[in-house]
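What follows is a single structure, written as C-alpha cells, with notes after it.
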Protein chains: 2
Amino acid sequence: MKRDVFQAIADPTRRAIIALIAMQAMTPNAIAEHFDTSRQAVSKHLRILAECEVISQEQRGREIYYQLEVDKMREIDEWLEQYRRIWETRYEQLDEVLEVMKMRKPAEMQKPAR
Amino acid sequence: MKRDVFQAIADPTRRAIIALIAMQAMTPNAIAEHFDTSRQAVSKHLRILAECEVISQEQRGREIYYQLEVDKMREIDEWLEQYRRIWETRYEQLDEVLEVMKMRKPAEMQKPAR
DNA sequence: CAAGTATGCAACCAATCGGTTGCATATGTC
DNA sequence: GACATATGCAACCGATTGGTTGCATACTTG
C-alpha cells in the first residue's frame with residue numbers, strides 16, 4: 001500500500017508522536033508511555049510514519065530510537081506554498097480596500113467580493 | 001463525527017478539488033467533470049471539505065458554487081510553524097559546520113549528526 | 001546459558017472510508 | 001404545468017484503519 005505524508009499526519013495520535021520526538025529521538029516504549037493505547041498500537045503508527053519517511057530509526061543495542069525527519073515536513077510546506085500565495089495576495093487586496101475606504105464616507109462602503 | 005483539516009487534506013481527490021477551486025469557485029458538476037468518479041462521490045468529498053470548513057458554498061439559483069476558504073489552509077501553516085523553526089535552525093547549524101570545515105583539512109571532516 | 005527486556009509481526013475485530021446506484025428535491029425553461 | 005437540470009441524501013459494499021491480544025525474535029545481564 002502506498003501512503004504519503006498527508007495520510008501520515010491525518011491521525012491525531014501520529015501528529016502527537018511527531019510533536020513528541022521532534023526535539024529528541026525516543027524509543028517506542030518511551031513514546032507509548034505518553035499515550036493510553038497499547039505499545040503495539042504505537043508501534044503500528046511508528047511503522048506508518050517510517051513508511052512515509054516522516055521518521056527514521058536508529059538501532060542502539062536492543063533499543064530503537066525514532067526521530068523526526070524534518071525535511072519531510074517541508075514537503076507539506078511546499079504543498080502549502082501555492083495557497084500561501086493566495087492568502088497573501090488576498091490580504092494585500094484587503095489592505096488596498098481598507099485604504100480606499102478611508103477616503104470615502106461610510107455610506108459608500110461596499111461589501112468586498114471576498 | 002468530528003473531522004479536522006488534516007483529515008480533509010488526507011485524500012488525494014480532495015487535495016485535487018482544493019487545487020481546482022482555489023482560484024475560482026465552481027459547481028459540483030463542473031468539479032466532477034475533472035474526475036473519473038461519479039458526481040455523487042465528488043459531492044461526498046465536498047460535504048467533508050465543507051464540514052471541515054475548508055470550503056464554503058454560495059447558492060446561486062439552482063447552482064451551488066464552492067470556493068476555497070484559504071484561511072483554513074493557514075491553520076495547517078500554523079501547525080507547521082513549530083517544525084519550520086526546527087528545520088531553519090538545523091540549516092543554520094549546518095551552515096556553521098560547513099563554515100568550520102572550511103578551515104580544516106578534508107581528512108578531519110566529520111559526518112554531520114544528520 | 002537462563003531470565004528479563006525491547007521490539008516487531010500476525011491474526012482478529014469493529015468502525016470508517018470512498019465508491020457505487022437509486023431516489024428525492026428544488027430551480028429553471030418551454 | 002411539464003420537463004430538464006443541479007444537487008443532496010440514503011442504502012449498500014468492499015477495502016482500509018486503528019485498535020486489540022498473543023507470540024516470535026533479538027539483545028542485555030546475571
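Labels below follow one simple rule: chain letters A, B, ... track the order of the sequence lines, proteins then strands, and each chain is numbered from 1. The structure displayed is predicted, hence computed values, not measured ones.
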- Message: List the residues meeting side-chain contact (heavy atoms from CB on, under 4.5 Å) with A:E75, not counting sequence neighbours, and say none if there are none.
- Response: A:V5, A:K72

- Query: Taking only residues two or more places apart in sequence, or in another chain, which ones meet A:Y66 in a ring-ring contact (aromatic ring centres under 6.0 Å, His included)?
  - Reply: none

- Query: Of all the choices, C:dC17, C:dG18, C:dC9, which nucleotide is nearest to the side chain of B:H45 once you look at every atom?
  - Reply: C:dG18

Could you go through nucleotides 25-30 of chain D and list every protein N or O atom that sits under 3.5 Å from one of its N or O atoms, giving the distance for each pair?
unit_1: D:dC27; atom_1: O3'; unit_2: A:R62; atom_2: N; d: 3.4

- Are A:L80 and A:V54 connected in a single hydrophobic cluster, I mean Ile/Leu/Val/Met/Phe/Trp/Tyr linked by side-chain heavy atoms less than 4.5 Å apart? yes

- Within residues 29-45 of chain A or reaching into it, pairs that qualify as salt bridge (Lys or Arg N to Asp or Glu O under 4.0 Å) - sequence neighbours excluded: none

- Give me the residues of residues 29-44 of chain B where at least one heavy atom lies under 4.0 Å from an atom of DNA chain C, by number, or none. B:T37, B:S38, B:Q40, B:A41, B:K44

- Task: Using atom CZ of B:R47 as one end and atom P of C:dT16 as the other, report the distance to the nearest whole Å.
- Result: 14 Å

- Atom CD of B:E63 and atom P of D:dA4: how far apart are they, to the nearest Å? 19 Å

- Query: Which whole-number value in Å describes the distance from A:Q57 CD to C:dT7 C1'?
  - Reply: 10 Å

- Note on the structure: Judged by nearest nucleotide, the residue sitting upstream toward the 5' end of DNA chain D, A:I48 or B:P28, is B:P28

- Message: According to ring-ring contact (aromatic ring centres under 6.0 Å, His included), who are the partners of B:W79, at least two apart in sequence or on a separate chain?
- Response: B:F6, B:Y83

- Go through the structure and list residues passing side-chain contact (heavy atoms from CB on, under 4.5 Å) with A:Q24, not counting sequence neighbours. none

- Set of side chain to side chain donor-acceptor pair (under 3.5 Å) partners for B:R15, sequence neighbours left out: A:D4

- Measure from CD1 on A:I64 to C1' on C:dC9 and round the result to the nearest Å. 13 Å

- Query: To the nearest angstrom, how far is B:E51 atom CD from C:dG18 atom P?
  - Reply: 12 Å

- Query: Any ring pair (Phe, Tyr, Trp, His ring centres under 6.0 Å) pairs touching residues 30-63 of chain B, not counting sequence neighbours?
  - Reply: none

- Between C:dG18 (P) and B:D11 (CG): distance, integer Å: 5 Å

- Please name all residues satisfying side-chain contact (heavy atoms from CB on, under 4.5 Å) with B:E63, sequence neighbours left out, ordered by chain then number. B:T27, B:Y65

- Check the distance between C:dT27's C1' and B:Y65's OH and give it to me in whole angstrom. 14 Å

- Message: Going by side-chain contact (heavy atoms from CB on, under 4.5 Å), name the residues that satisfy it together with B:R47, two or more places apart in sequence or in a different chain.
- Response: B:E51

- Query: Is there a residue in residues 13-27 of chain A whose heavy atoms reach under 4.0 Å of DNA chain C, and which residues are they?
  - Reply: A:T27

- Message: Is there a side-chain contact between A:Y66 and the phosphate of C:dA6, meaning an N or O under 4.0 Å from OP1 or OP2?
- Response: no

- Message: For D:dT17 and A:Q7 - does any side-chain N or O of the residue sit under 4.0 Å from the phosphate oxygens OP1/OP2?
- Response: yes

- Item | Any B:T13 side-chain heavy atom under 4.5 Å of B:V42 side chain | no

